[in-house]
Amino acid sequence: LFARSTQVVHHLAAEFGARLPVIAAGGIASGDDALAKFTAGAVLVQLYTGFIYRGPALVSEVLAAVEAAP
């Protein structure tokens, strides 16, 4: 599901550009997962399930991954 939802994010971002902000959801359980969604074109990520399983540390991990990205 994660790979397919990332493909959809990429497709929507390519199709609509800045006219439609894309919010990614589905299977985001690590900083790398969130970074993949941002790289695909998402402007926000939803961490609902990942937050339940990983707790508040997930937010810090996502922030660190985004800040470390080129």
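Between F2 and G27, the shortest heavy-atom distance links the atoms CD1-O, 3.5 Å. When all heavy atoms are compared, the tightest approach of V9 to K37 is CG1-O, 3.8 Å.
Summarising the geometry, atom OG belonging to S5 is positioned 9.5 Å from atom CG belonging to D33; distances are rounded to the nearest 0.5 Å.
No continuous path of hydrophobic side-chain contacts links V43 to F16 [ILVMFWY only; heavy atoms under 4.5 Å]. V22 and V8 fall within a single hydrophobic cluster, where Ile, Leu, Val, Met, Phe, Trp and Tyr side chains are chained together by heavy-atom contacts under 4.5 Å.
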Criterion side chain to side chain contact (heavy atoms under 4.5 Å, CB included) on F51 and Q46, from CA distance to verdict = CA-CA 9 Å; F51 192 75; Q46 181 220 20; over 6 Å; no
Under 3.5 Å, sequence neighbours excluded: what are the donor-acceptor pairs made by side chains of residues 57-70?
residue	atom	partner	partner atom	Å
E61	OE1	R54	NH1	3.2
E61	OE1	R54	NH2	2.5
E61	OE2	G31	N	2.9

